[in-house]
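Right, one structure below, let's go through it.
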Amino acid sequence: RRPPAGGTQAAMTELVVELLGGLRVLGADGREIRISSRKAQAVLACLALRPGTSIARDRLASLLWDDSDPELGRASLRQALAALRRALPGAAAQTLLGDATSIALDAAHASSDVQRFRDRLRDGSPHALAEAAERYAGELLPGFDARSAAFDAWIDEHRRALRREWVQALQRYAVQCVASGDLDGATEALSRLVSVEPANEAAQRDLMDVYARRGRYTEALRQYRACTEALRRDLDVGPEPATEALHRDILRRRRAVDASAAEPGLAAPALSETAPPITTLKEVVVLVARIGVAPEAADDDPESVRARWSA
């Protein structure tokens with residue numbers, strides 16, 4: 001065990017373990033520490049998820065040697081810990097604390113990116129949430145193979161939990177940005193969220209609303225189309241009534257702006273808000289019209305295109 005720091009001298013971080021986006025171990029000088037044993041890497045990863053929290057040796061042995069006899073598993077754990085201590089230089093090795101029943105990382109002298117991410121979440125301020133979102137540098141230990149089905153299931157559970165926490169951080173940050181009038185910050189957070197969760201309809205709807213608040217109606221309508229496509233592709237469902245209502249509201253606001261800006265007599269024809277209800281469908285007549293679009297207008301504003309079609 002490391003003796004307690006004396007006097008008022010600040011504790012020094014002897015070991016930094018990065019788990020998001022892949023395993024990376026750094027010493028006090030910032031240099032990367034190579035650990036060749038895969039099981040030793042897995043032991044360190046388990047401890048680094050929550051520095052300062054002890055894990056029972058039997059628990060670690062059952063996670064990493066799930067197909068072994070319990071006694072053989074404990075013996076293998078002792079060998080992995082010995083290999084880990086040999087790989088960690090000097091004071092870094094002293095951050096491993098343990099007794100006959102449990103093991104932990106010394107939280108006063110070791111840290112991890114997962115720990116810092118969760119610290120920022122607990123802070124909860126806009127700055128802290130923005131920092132938490134940035135600290136989520138990727139999935140927890142992607143592709144890591146400890147050759148244990150029990151470890152794979154355990155780490156996958158932690159992956160899902162961390163991803164949920166990251167999504168919640170982005171959502172909370174976006175809400176705070178809107179409340180404070182920082183629509184740029186809200187746009188950035190929500191754009192990042194829907195890029196990784198395109199079928200998150202609530203986030204898509206929030207992004208549509210933020211675009212509309214900024215007067216960026218074309219982007220809001222494009223986001224609606226992206227939302228409907230993602231819902232159909234990923235979930236095989238249509239948008240919720242709240243999303244459709246917001247879409248109609250954006251259309252109304254967009255046309256009001258266009259009408260106020262247009263010269264008399266040149267306003268675009270109004271589009272029908274809702275189709276009349278159909279109670280009985282007996283026959284369908286399909287009219288197909290080919291609308292020529294000049295090459296330079298191929299990426300024209302969708303509302304302008306719809307207005308031409310309507311005319």
Side-chain angles (χ1 to χ4, degrees), residues 1-2 4-5 8-33 35 41-56 59-60 63 84 88 91-98 102-142 144 154-180 182 185-186 188-190 192-193 196-197 203:
R1 291 179 179 272
R2 169 179 295 279
T8 59
Q9 184 178 0
M12 181 177 182
T13 301
E14 304 287 357
L15 186 68
V16 176
V17 185
E18 297 180 354
L19 304 169
L20 299 172
L23 180 65
R24 192 163 175 254
V25 185
L26 306 173
D29 58 0
R31 295 183 181 179
E32 187 167 357
I33 300 170
I35 301 172
Q41 292 177 9
V43 169
L44 182 59
C46 291
L47 299 176
L49 276 174
R50 297 189 184 277
T53 300
S54 297
I55 303 179
R59 174 61 173 155
L60 277 174
L63 277 177
L84 181 57
L88 297 177
Q94 301 304 311
T95 61
L96 289 172
L97 307 179
S102 63
I103 312 166
L105 272 183
D106 183 356
H109 299 277
S111 67
S112 72
D113 53 356
V114 171
Q115 173 202 36
R116 294 191 296 273
F117 168 76
R118 286 179 163 147
D119 285 344
R120 298 286 80 199
L121 288 184
R122 281 189 289 271
D123 181 296
S125 66
H127 176 75
L129 290 175
E131 189 175 333
E134 288 302 317
R135 285 190 181 280
Y136 189 85
E139 186 181 62
L140 176 68
L141 296 178
F144 189 88
W154 182 78
I155 205 66
D156 192 53
E157 180 181 339
H158 282 278
R159 284 189 186 114
R160 292 194 298 270
L162 279 167
R163 185 184 177 90
R164 284 194 300 271
E165 292 172 29
W166 175 64
V167 166
Q168 291 166 3
L170 286 171
Q171 291 171 329
R172 289 166 59 193
Y173 177 60
V175 168
Q176 292 177 350
C177 285
V178 171
S180 65
D182 180 11
E188 182 179 352
L190 292 168
R192 186 174 180 188
L193 178 52
V196 295
E197 288 198 347

Going by the rule side-chain contact (heavy atoms from CB on, under 4.5 Å), which residues pair with [X] if we only count those two or more places apart in sequence or in a different chain?
X: R172; result: L129
X: Q115; result: P51, S111, S112, D119
X: R163; result: Y136, V196, E197

Salt bridge flag under 4.0 Å for residues D123 and R120: yes
Lys/Arg-Asp/Glu bridge criterion (N-O < 4.0 Å) met for R192, E134: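 So R192 pairs with E134 through a salt bridge.
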With distance as the sole test, does [X] use its side chain to make a donor-acceptor pair with the main-chain N or O of [Y] at under 3.5 Å?
X: R116; Y: A132; answer: no
X: Q41; Y: I35; answer: yes
X: E18; Y: L26; answer: no

Taking all atoms of both residues into account, what is the closest heavy-atom pair of [X] and [Y], and its distance?
X: L121; Y: A169; value: CD2-CB, 3.4 Å
X: A186; Y: A174; value: CB-O, 3.9 Å
X: W154; Y: C46; value: CZ3-SG, 3.4 Å
X: G124; Y: A128; value: N-CB, 4.2 Å
X: G52; Y: A104; value: C-CB, 4.5 Å
X: Y173; Y: G185; value: CE2-O, 3.9 Å

[atom2] on [Y] to [atom1] on [X], rounded to 0.5 Å:
X: R50; Y: I55; atom1: CZ; atom2: CD1; result: 10.0 Å
X: D156; Y: L140; atom1: CG; atom2: CG; result: 9.5 Å
X: T53; Y: L47; atom1: OG1; atom2: CG; result: 10.0 Å
X: E139; Y: W166; atom1: CD; atom2: CH2; result: 11.5 Å

Taking C-beta and beyond as the side chain, do [X] and [Y] meet within less than 4.5 Å on heavy atoms?
X: F117; Y: E165; value: yes
X: D113; Y: V17; value: no
X: I155; Y: L141; value: yes
X: L170; Y: L190; value: no
X: I33; Y: L15; value: yes
X: Q171; Y: L193; value: yes
X: L44; Y: V25; value: yes
X: L49; Y: L19; value: yes

Steps toward side-chain contact (heavy atoms from CB on, under 4.5 Å) verdict (E14, Q94): CA-CA 9 Å; E14 304 287 357; Q94 301 304 311; over 6 Å; no
Residues, nucleotides or ligands: over 12 heavy atoms within 6.0 Å of R118 CZ: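 Above 12, so yes.
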Enclosure of E188 CD (heavy-atom neighbours >12, cutoff 6.0 Å): no
Criterion side-chain contact (heavy atoms from CB on, under 4.5 Å) on L162 and V114, from CA distance to verdict: CA-CA 8 Å; L162 279 167; V114 171; 4.0 Å; yes
Distance-only donor-acceptor check, side chains D182 and S180, under 3.5 Å: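 No.
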